[in-house]
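Throughout, a chain's letter reflects where its sequence line sits, starting with A, and its residues are numbered from 1.
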Number of protein chains: 2
Amino acid sequence: MKIDSANPADLSAQIAAAIRDAIVEGRLIVDERLPSEAELSEQFAVSRPTVREALKRLAAQSLIRTQRGATGGAFVNRISFEEAYAQQITTSTLLLSMNAVSFETACEARFCLERACAALSAQRRTADHLATMRAEIHRQGQPGLTDEAFCASDVALHRALVDGAGNPVLSYQLAGAVEAMQPLMNMITFTARDRARIVELHTAITDALEAVDADAVTNALAALELETQALAQSVFMARSNKSERAAPAS
Amino acid sequence: MKIDSANPADLSAQIAAAIRDAIVEGRLIVDERLPSEAELSEQFAVSRPTVREALKRLAAQSLIRTQRGATGGAFVNRISFEEAYAQQITTSTLLLSMNAVSFETACEARFCLERACAALSAQRRTADHLATMRAEIHRQGQPGLTDEAFCASDVALHRALVDGAGNPVLSYQLAGAVEAMQPLMNMITFTARDRARIVELHTAITDALEAVDADAVTNALAALELETQALAQSVFMARSNKSERAAPAS
DNA sequence: TGTCAAATTAATGTCAGACAATTAAACTGC
DNA sequence: GCAGTTTAATTGTCTGACATTAATTTGACA
């Protein structure tokens with residue numbers, strides 16, 4: 001891993017890539033301590049600030065953690081599911097918001113993945129998962145709930161559904177799909193009138209899950225997707241009409 | 001975003017978080033130029049190296065890109081699907097390898113997600129997708145193919161299946177699930193004898209996809225999962241027997 | 001006057017050396 | 001033997017400088 005090309009361009013990126021490869025390929029194992037910054041700067045024949053920039057790049061990806069003090073240094077980090085969740089949510093959110101992904105496309109992907117969990121969750125969900133979902137449904141029925149709180153509750157319910165499958169890898173993968181949608185969903189949940197219908201569908205999903213009826217869960221999720229897509233379409237339609245009235249000449 | 005607490009701990013992380021929040025919340029938009037390093041160091045009242053470390057953290061997450069020269073600087077980056085793929089694959093791979101995720105769990109998650117794409121792909125796959133899959137199947141039948149090449153071909157085939165759904169968000173989500181499994185799959189593909197069975201199942205999947213038969217695709221994928229799980233179990237069993245023979249006393 | 005080349009400039013990339021802060025281990029006194 | 005102190009190693013930060021890059025401006029020449 002001590003290889004470094006002679007061209008003096010983006011040294012810190014090169015060093016970061018070299019160390020990252022060493023970690024990914026298993027040449028550096030979890031909790032192993034990297035050489036100190038001074039030693040690394042010697043090995044790579046660069047200055048300490050350059051090494052530090054490389055280490056910060058790795059720290060940003062949770063590949064290493066640093067510790068100060070006598071026995072401190074940089075250690076290969078065991079990336080936790082929580083850290084991985086957070087990274088995936090950030091990336092997914094930006095990907096959706098920056099690339100003009102249509103609501104339709106994002107929504108389709110999200111429900112497609114969520115339906116995939118339905119069968120497993122129907123088999124394995126515990127009473128805890130059901131209780132969480134019931135509690136969120138109750139909260140969603142409260143009048144005076146802000147749109148943000150309603151949306152957060154919505155995410156929590158779906159999270160419980162996915163977690164019910166009892167597969168942490170699945171939960172991780174779905175985290176991005178469900179949570180990254182939240183900003184997009186926020187746009188279409190501003191009418192209290194529609195909340196009743198959504199609560200109804202959430203109840204249907206939870207009932208089916210409690211009855212260990214995978215097909216019913218799938219159907220209820222499909223209905224929710226249909227409802228969401230229709231709602232979004234009406235919102236976008238109304239918005240476009242409004243902008244046409246505001247600027248009829250164009 | 002110019003807020004910065006007075007405690008002098010992890011200044012670069014704080015600054016990175018402040019800028020990241022500004023980007024995620026849309027206060028900084030795509031292709032907008034950030035202040036120069038000198039200006040940022042003034043605003044945050046820290047030195048330039050500290051600002052640089054913060055910027056490197058963001059660059060590692062593809063949130064910004066930097067450009068040298070007179071009109072250079074740091075720009076908010078429109079994260080591409082390719083960059084997002086790469087990040088997700090790295091994170092997923094490390095998550096699996098570092099957290100003692102069982103093959104069974106990872107395999108279940110992967111096929112669960114892939115089956116979710118089957119119905120969409122059956123409807124939308126183009127002739128190109130089918131051709132790619134046929135080509136990979138043909139390659140997989142070649143004798144003398146290395147295990148690594150077989151595995152890469154396997155990933156390419158499943159990639160084509162997922163891309164057939166015509167939903168880039170879905171393709172992105174699945175990239176992590178499929179590609180991160182590759183190192184784990186490598187462990188169980190070392191006998192040429194099993195390749196024939198896998199090619200057979202791949203052919204069944206492709207045939208079903210060509211026939212626009214979503215149920216058949218789902219069933220074939222389920223069969224492939226069963227085969228894979230059984231194969232993995234036999235490999236692990238053989239391995240544990242071997243180690244027992246090697247150290248019978250323990 | 002128009003065009004191409006050279007100087008200017010502004011920005012990032014890198015370096016060197018220094019000091020501050022933190023933490024574990026070694027040491028010392030009782 | 002134990003508690004408190006010192007020491008050493010390491011990261012975190014700062015200052016100042018120079019190198020490199022690329023767009024812009026300037027200037028010379030046809």
Side-chain angles (χ1 to χ4, degrees), chain A residues 2-20 23 28 30-77, chain B residues 2-20 22-23 28 30-78:
Chain A
K2 312 309 192 291
I3 308 154
D4 202 14
S5 95
N7 74 327
D10 260 337
L11 286 176
S12 71
Q14 288 179 36
I15 294 170
I19 299 177
R20 174 164 48 247
I23 295 174
L28 289 170
V30 162
D31 291 336
E32 186 173 340
R33 184 181 173 281
L34 273 72
S36 71
E37 295 176 356
E39 288 172 305
L40 284 174
S41 63
E42 256 189 75
Q43 282 183 24
F44 287 109
V46 298
S47 71
R48 217 188 117 207
T50 302
V51 167
R52 280 183 62 78
E53 287 179 7
L55 293 180
K56 293 309 169 196
R57 294 178 117 110
L58 299 176
Q61 297 179 296
S62 300
L63 268 77
I64 62 169
R65 62 176 187 279
T66 56
Q67 199 177 341
R68 285 168 69 159
T71 59
F75 298 83
V76 177
N77 191 41
Chain B
K2 311 307 188 299
I3 309 155
D4 200 12
S5 94
N7 74 328
D10 259 339
L11 286 177
S12 71
Q14 286 179 38
I15 295 170
I19 298 177
R20 174 163 48 246
I23 294 174
L28 290 171
V30 162
D31 292 335
E32 188 172 339
R33 184 178 172 280
L34 274 71
S36 73
E37 296 175 355
E39 288 172 306
L40 284 173
S41 64
E42 254 190 78
Q43 282 182 25
F44 287 111
V46 298
S47 70
R48 215 187 119 208
T50 302
V51 167
R52 280 184 61 79
E53 286 179 8
L55 293 181
K56 294 309 168 195
R57 294 178 116 110
L58 300 176
Q61 297 178 297
S62 301
L63 268 77
I64 61 170
R65 63 176 187 279
T66 57
Q67 199 178 340
R68 283 167 72 160
T71 59
F75 297 84
V76 178
N77 191 38
R78 179 190 304 277

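- Straight-line distance from the CG atom of B:Leu40 to the P atom of C:dA11: 11 Å, rounded to whole Å.
- By the side-chain hydrogen bond (donor to acceptor under 3.5 Å, both in side chains) test, A:Ser62 pairs with A:Gln87, sequence neighbours left out.
- In this structure the side chain of B:Gln67 reaches within 4.5 angstrom of the side chain of B:Phe75, judged on heavy atoms.
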Between the protein and nucleotides 16-20 of chain C, which nitrogen or oxygen pairs are less than 3.5 angstrom apart?
{"residue": "C:dA18", "atom": "N6", "partner": "A:Arg48", "partner atom": "NH1", "Å": "3.4"}

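- With sequence neighbours left out, the salt bridge (Lys or Arg N to Asp or Glu O under 4.0 Å) criterion links B:Arg57 to no other residue.
- Nucleotide C:dT22 holds its P atom 20 Å from the CZ atom of A:Arg65, rounded to whole Å.
- Between B:Ile64 atom CD1 and C:dG13 atom C1' there is a gap of 14 Å when expressed in whole angstrom units.
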Show every donor-acceptor pair shorter than 3.5 Å between a side-chain atom in residues 44-54 of chain A and any protein atom, with sequence neighbours excluded, or say none if there are none.
{"residue": "A:Ser47", "atom": "OG", "partner": "A:Thr50", "partner atom": "OG1", "Å": "3.2"}
{"residue": "A:Arg48", "atom": "NE", "partner": "A:Glu37", "partner atom": "OE1", "Å": "2.7"}
{"residue": "A:Arg48", "atom": "NH2", "partner": "A:Glu37", "partner atom": "OE1", "Å": "2.9"}
{"residue": "A:Arg52", "atom": "NE", "partner": "B:Glu53", "partner atom": "OE2", "Å": "2.7"}
{"residue": "A:Arg52", "atom": "NH1", "partner": "A:Glu37", "partner atom": "OE1", "Å": "3.4"}
{"residue": "A:Arg52", "atom": "NH1", "partner": "A:Glu37", "partner atom": "OE2", "Å": "2.9"}
{"residue": "A:Arg52", "atom": "NH2", "partner": "B:Glu53", "partner atom": "OE1", "Å": "3.2"}
{"residue": "A:Arg52", "atom": "NH2", "partner": "B:Glu53", "partner atom": "OE2", "Å": "3.3"}
{"residue": "A:Glu53", "atom": "OE1", "partner": "B:Arg52", "partner atom": "NH2", "Å": "3.2"}
{"residue": "A:Glu53", "atom": "OE2", "partner": "B:Arg52", "partner atom": "NE", "Å": "2.6"}
{"residue": "A:Glu53", "atom": "OE2", "partner": "B:Arg52", "partner atom": "NH2", "Å": "3.2"}

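- Considering only heavy atoms from C-beta on, A:Ile64 comes within 4.5 Å of A:Ile23 through its side chain.
- Summarising the geometry, the separation between CD on B:Glu42 and P on C:dA11 is reported as 12 Å, rounded to the nearest angstrom.
- If you take CD on A:Glu32 and CG on A:Asn77, they are separated by 13.5 Å, rounding to the nearest 0.5 Å.
- The salt bridge (Lys or Arg N to Asp or Glu O under 4.0 Å) check on B:Arg78 picks up nothing, with sequence neighbours excluded.
- The CD-C1' distance, from A:Glu37 to C:dT22, rounds to 14 Å in whole Å.
- A heavy-atom distance below 4.5 Å is found between the side chains of B:Asp31 and B:Arg65.
- Rounded to whole Å, atom P of C:dA11 lies 13 Å from atom CD of B:Gln67.
- The distance between atom CD of A:Glu53 and atom P of D:dT11, rounded to the nearest whole Å, is 16 Å.
- Legend: residues meeting side-chain contact (heavy atoms from CB on, under 4.5 Å) with B:Thr71, ordered by chain and number and at least two apart, are absent.
- The stretch residues 69-76 of chain B touches DNA chain D through B:Gly69, B:Ala70, B:Thr71, each having a heavy atom within less than 4.0 Å of the strand.
- In terms of heavy-atom proximity, B:Ala16 sits nearest to B:Leu58 at O-CD2, 3.5 Å.
- Straight-line distance from the CG atom of A:Leu55 to the P atom of C:dT14: 14 Å, rounded to whole Å.
- The side chain of B:Ser36 contributes no N or O atom lying less than 4.0 Å from OP1 or OP2 of C:dA10.
- Side-chain contact between B:Leu55 and B:Leu34: present, with at least one pair of heavy atoms (C-beta onward) separated by less than 4.5 Å.
- The end-to-end axis angle of the helix from C:dT1-D:dA30 to C:dC30-D:dG1, rounded to 10 degrees and based on five pairs per end, is 20°.
- Shown here are the side-chain contact (heavy atoms from CB on, under 4.5 Å) partners of A:Glu39, two or more places apart in sequence or in another chain: A:Pro35, A:Ser36.
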Just the table, please: protein N/O against nucleotides 26-28 of chain C N/O, every pair under 3.5 Å.
none

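- Here C:dA11 is the nucleotide among C:dA11, D:dC14, D:dT11 with the atom lying nearest to any side-chain atom of B:Arg33.
- Every residue two or more places apart in sequence or in another chain was checked for a salt bridge (Lys or Arg N to Asp or Glu O under 4.0 Å) with A:Arg33, and none qualifies.
- Between A:Arg52 and D:dT11, a side-chain N or O to OP1/OP2 separation shorter than 4.0 Å is absent.
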